[in-house]
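Data first, discussion second: the structure below is written as structure tokens.
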Amino acid sequence: MNISNQYEKWKIFQSSWDDEDFINSLTGFMKLRYRRLDEKVYALLDSYLAFNPEKKFYFLDVGCGRLEFADFLTQQWRTPHEKGPSTQWHYIGLEPSQVQLNQRSLSTPDMEIIQATGENIPLAEMSVHAVLVKEALDHCFDPQKVLQEIYRVLKPNGIVVITLTNDQSYYKRLFPWINHSKKIRQTDHLNFFDANALKKIVQEANFDKIHLETYNYLKLPNGFEKYLSGLSENIQRSLLTITDRWGSGLYPMGGGGMILTAYRPAVKLSIKSRGEI
Amino acid sequence: MISKDLLNLLICPKCHSAVREQTTYLECTACHHQFPIQNGIPLLRVDPHETLQESSPQNLKTHKSQA
Ligand SMILES: [Zn+2]
């Protein structure tokens with residue numbers, strides 16, 4: 001597909017990206033999968049903060065969509081068991097799609113939202129401590145440019161967390177024709193990444209200390225997942241945890257989802273020029 | 001109203017200069033491009049295709065004269 005076709009595709013889904021029905025159709029088990037991802041991301045940011053304590057933590061959520069992660073953060077801070085974050089978070093959400101912004105939840109009053117693309121982040125150089133790109137890089141028109149922009153806005157030693165669907169999970173390898181027909185129907189994904197491809201573009205953007213792991217090894221037909229949704233949350237969680245442990249031992253990069261962390265090096269490197277497009 | 005904190009970080013997506021807040025929009029201090037603020041959200045979206053064509057410094061200059 002050439003650039004202008006890709007661009008048309010991008011324009012269309014940006015202006016018509018309504019996933020209300022999709023979200024309403026999710027089984028409880030699937031929702032738990034998403035919540036586990038938020039928990040994993042939060043744990044990563046939390047441990048980053050433990051090693052790099054900041055009084056005020058500037059956090060940029062690229063492709064914040066309907067503010068799912070912002071909502072998760074608010075819930076996290078509201079839990080009575082916790083004293084709340086010792087750091088003051090400054091949440092900045094970035095989202096190009098007007099439809100997504102219109103559908104955002106209204107329970108996140110203290111968080112700031114900007115309508116902008118990841119390819120052109122309207123923030124000054126070295127302005128944030130951490131950037132999250134949660135399930136969004138495959139929707140971007142130009143992922144390389146997005147990573148260059150993230151590098152630019154991150155402070156030295158700042159962390160980027162990228163989560164994505166794995167295009168080479170073990171079950172996509174086992175049933176390539178299912179994956180292929182799904183891809184054809186999928187109108188909102190412009191790019192598909194496996195572990196190597198994701199690491200490669202992060203490396204090319206000059207990031208340091210790149211670490212990638214996969215999770216979500218449990219994949220069952222819909223009927224089974226509906227059945228699992230009826231079980232207690234503890235059982236569902238244990239199933240996911242155990243299968244992730246086994247799976248990552250047997251087939252390290254084969255889980256359904258990927259989580260990558262990387263850092264902007266403390267020493268300033270020159271950003272590679274992009275050359276012709 | 002956009003917080004002062006955020007305003008200090010925001011830049012013009014067209015020319016990367018600082019922006020200032022006017023009553024209902026943000027204005028670039030260099031190219032004077034105006035970006036509306038809708039329900040508290042500054043609309044600073046420049047589509048990637050535009051960025052691709054305008055990423056060279058020469059073109060940035062052209063932008064200033066357009067504004
Ligand atoms: Zn400007």
Side-chain angles (χ1 to χ4, degrees), chain A residues 3-4 6-8 10-11 14-15 56 58 60 64 67 88-98 100-102 104 106 108-128 139-146 148-149 152-153 155 190 273-277, chain B:
Chain A
I3 283 191
S4 78
Q6 285 278 80
Y7 188 61
E8 284 314 306
W10 182 85
K11 280 223 123 169
Q14 286 303 315
S15 54
K56 199 160 197 185
Y58 286 90
L60 175 68
C64 62
L67 295 182
Q88 189 193 344
W89 284 54
H90 189 120
Y91 175 96
I92 305 166
L94 199 88
E95 173 60 45
S97 166
Q98 189 62 51
Q100 291 278 302
L101 287 174
N102 291 344
R104 74 188 188 276
L106 297 168
T108 42
D110 299 330
M111 298 175 167
E112 292 184 281
I113 320 294
I114 307 167
Q115 189 184 28
T117 64
E119 286 87 350
N120 196 339
I121 302 176
L123 293 179
E125 198 178 330
M126 299 193 240
S127 50
V128 298
H139 300 287
C140 292
F141 175 68
D142 188 349
Q144 278 96 343
K145 183 79 190 5
V146 173
Q148 285 174 11
E149 279 290 89
R152 183 182 63 79
V153 301
K155 290 175 188 281
L190 295 177
S273 71
R274 226 172 106 64
E276 76 279 5
I277 286 121
Chain B
M1 268 293 276
I2 291 169
S3 80
K4 215 179 150 208
D5 245 2
L6 180 63
L7 206 57
N8 285 339
L9 301 182
L10 285 178
I11 55 168
C12 166
K14 302 232 173 214
C15 76
H16 282 198
S17 303
V19 290
R20 62 171 156 249
E21 191 175 13
Q22 306 290 16
T23 38
T24 56
Y25 59 91
L26 294 177
E27 187 183 29
C28 174
T29 52
C31 76
H32 301 289
H33 199 97
Q34 295 178 357
F35 303 94
I37 302 171
Q38 229 172 57
N39 304 320
I41 300 177
L43 310 185
L44 294 159
R45 172 173 157 175
V46 171
D47 283 356
H49 214 261
E50 246 183 279
T51 337
L52 294 182
Q53 289 160 349
E54 292 171 6
S55 50
S56 78
Q58 274 175 329
N59 286 335
L60 287 180
K61 274 183 200 144
T62 3
H63 234 289
K64 281 188 181 177
S65 56
Q66 274 171 358

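Protein chains get the first letters and strands the later ones, always in sequence-line order, with residue 1 at the start of each.
The distance from atom OG of S97(A) to atom CD of Q115(A), rounded to the nearest 0.5 Å, is 8.0 Å. The CD1 atom of I113(A) sits 14.0 Å away from atom CD of Q38(B), with the distance rounded to the nearest 0.5 Å. The line from CZ of F35(B) to CG of L43(B) is 10.0 Å long, rounded to the nearest 0.5 Å. The CD atom of E149(A) lies 13.5 Å from the CD atom of Q144(A); values are rounded to the nearest 0.5 Å.
For I92(A), the part lying near chain B is the side chain, with the backbone staying farther off; criterion is any non-hydrogen pair under 4.5 Å. In this structure, chain B has a heavy atom under 4.5 Å from the backbone of I121(A), while its side chain stays farther away.
Taking the side chain as every heavy atom from C-beta outward, V19(B) and T29(B) never approach each other to under 4.5 Å.
N120(A) contributes a side-chain N or O that, together with a main-chain N or O of P13(B), makes up a donor-acceptor pair within less than 3.5 Å.
Residues satisfying the side chain to side chain donor-acceptor pair (under 3.5 Å) criterion with H90(A), sequence neighbours excluded, are E112(A), D5(B).
Residues of residues 20-27 of chain B lying within less than 4.5 angstrom of chain A, judged on heavy atoms, are absent.
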